[in-house]
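Worksheet: the structure to be examined is printed underneath.
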Amino acid sequence: QVQLVESGGGLVQAGGSLRLSCAASGRTFSSYAMGWFRQVPGKEREFVAAISRSGANTFYANSVKGRFSISRDNAKNTVYLQVNSLKPEDTAVYYCAAAVSPPEVVVTSLNGMDHWGEGTLVTVSS
């Protein structure tokens with residue numbers, strides 16, 4: 001079992017940057033592939049970025065490719081999402097999630113995730 005707590009959200013102007021963090025409890029963090037998702041009220045939760053257990057493999061939604069970067073520090077039980085060149089349409093609650101997976105596999109589907117955090121709100125003003 002793993003518990004996830006996101007932080008780092010906030011209000012930022014368009015073009016700005018934030019670094020989101022997701023701290024995981026437990027000693028098995030490196031056993032999980034990790035992902036970031038986001039949700040706007042009234043819309044479905046959508047995939048943003050994913051990273052494999054070791055961090056060797058990453059994958060991004062087309063809408064964020066080149067602007068967002070996912071990374072992880074297994075020694076600190078933390079996954080990060082660096083979000084740059086923010087746009088108003090990036091405004092959402094950002095969730096991190098963990099998936100039991102084989103090594104070097106990225107998990108991009110909502111149904112594939114086993115544990116979820118509570119989310120952190122990112123608001124981008126124009």
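Sequence positions, counted from 1, serve as the residue numbers for this chain.
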Ring centers of Tyr95, Phe37 separated by less than 6.0 Å: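 They do not qualify: ring centres at least 6.0 Å apart.
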With heavy-atom distances below 4.5 Å as the criterion, would you say the side chains of [X] and [Y] are in contact?
X	Y	value
His115	Tyr32	yes
Phe68	Leu86	yes
Leu20	Trp36	yes
Gln3	Val5	no
Asp90	Val122	no

Just by modelled atom types, is the [Y] backbone N or O under 3.5 Å from a matching donor or acceptor in the [X] side chain?
X	Y	value
Thr91	Val124	yes
Thr120	Gly9	yes
Thr28	Ser31	no
Tyr60	Ile70	yes
Arg45	Val40	no
Asp114	Val100	yes

Are Arg53 and Phe29 in a cation-pi setup, meaning NZ or CZ lies under 6.0 angstrom from the ring centre and within 45 degrees of the ring axis?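 Verdict for Phe29: no cation-pi partner in Arg53.
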Could you check Ile51 against Val79 for side chain to side chain contact (heavy atoms under 4.5 Å, CB included), going step by step and ending with a plain yes or no? CA-CA 9 Å; Ile51 190 166; Val79 61; 4.2 Å; yes
Do you know which two heavy atoms are closest between [X] and [Y], and how far apart they sit?
X	Y	result
Ala33	Val105	CB-O, 3.6 Å
Leu4	Ala98	CD1-N, 3.8 Å
Asn77	Ser25	ND2-C, 4.4 Å
Ser54	Asn74	CA-ND2, 4.3 Å
Ser17	Ser85	OG-N, 4.2 Å

More than 12 foreign heavy atoms under 6.0 Å from NZ of Lys65: is that the case here?
->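 Counting neighbours around NZ of Lys65, more than 12 heavy atoms of other residues, nucleotides or ligands fall under 6.0 Å, so yes.
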Should we say atom CD of Glu89 is surrounded by more than 12 heavy atoms from elsewhere, each under 6.0 Å from it?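 Yes, the 6.0 Å shell around CD holds more than 12 heavy atoms from other groups.
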Atom [atom1] in [X], atom [atom2] in [Y]: separation rounded to 0.5 Å?
X	Y	atom1	atom2	answer
Gln39	Glu44	CD	CD	8.5 Å
Ser30	Arg72	OG	CZ	7.0 Å
Ser126	Lys87	OG	NZ	14.0 Å

Pair Ser21, Glu6: side-chain N/O donor-acceptor within cut-off below 3.5 Å: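 No.
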- Item | Polar side chain donor-acceptor pair, Asp73 to Thr78, under 3.5 angstrom |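 There is no such pair between these side chains.
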Margin query: Does Ser125 form a side-chain hydrogen bond (donor to acceptor under 3.5 Å, both in side chains) with Gln13? I'd like the steps, not just the answer.
Written below: CA-CA 5 Å; Ser125 63; Gln13 288 188 330; 5.0 Å; no
Do Cys96 and Trp116 pass the side chain to side chain contact (heavy atoms under 4.5 Å, CB included) test, and can you show the C-alpha distance, the side-chain angles, and the key distance before you say yes or no? CA-CA 6 Å; Cys96 75; Trp116 292 88; over 6 Å; no
Connected via hydrophobic side-chain network under 4.5 Å: [X] and [Y]:
X	Y	result
Leu81	Val93	no
Val107	Met34	no
Leu110	Val106	yes

Is Glu46 paired with Arg38 through a side-chain N to carboxylate O contact shorter than 4.0 Å?
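Result for this pair is yes, salt bridge flagged.
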Evaluate side-chain hydrogen bond (donor to acceptor under 3.5 Å, both in side chains) for Gln82 paired with Ser71, printing each intermediate quantity in order.
CA-CA 8 Å; Gln82 179 68 40; Ser71 61; over 6 Å; no
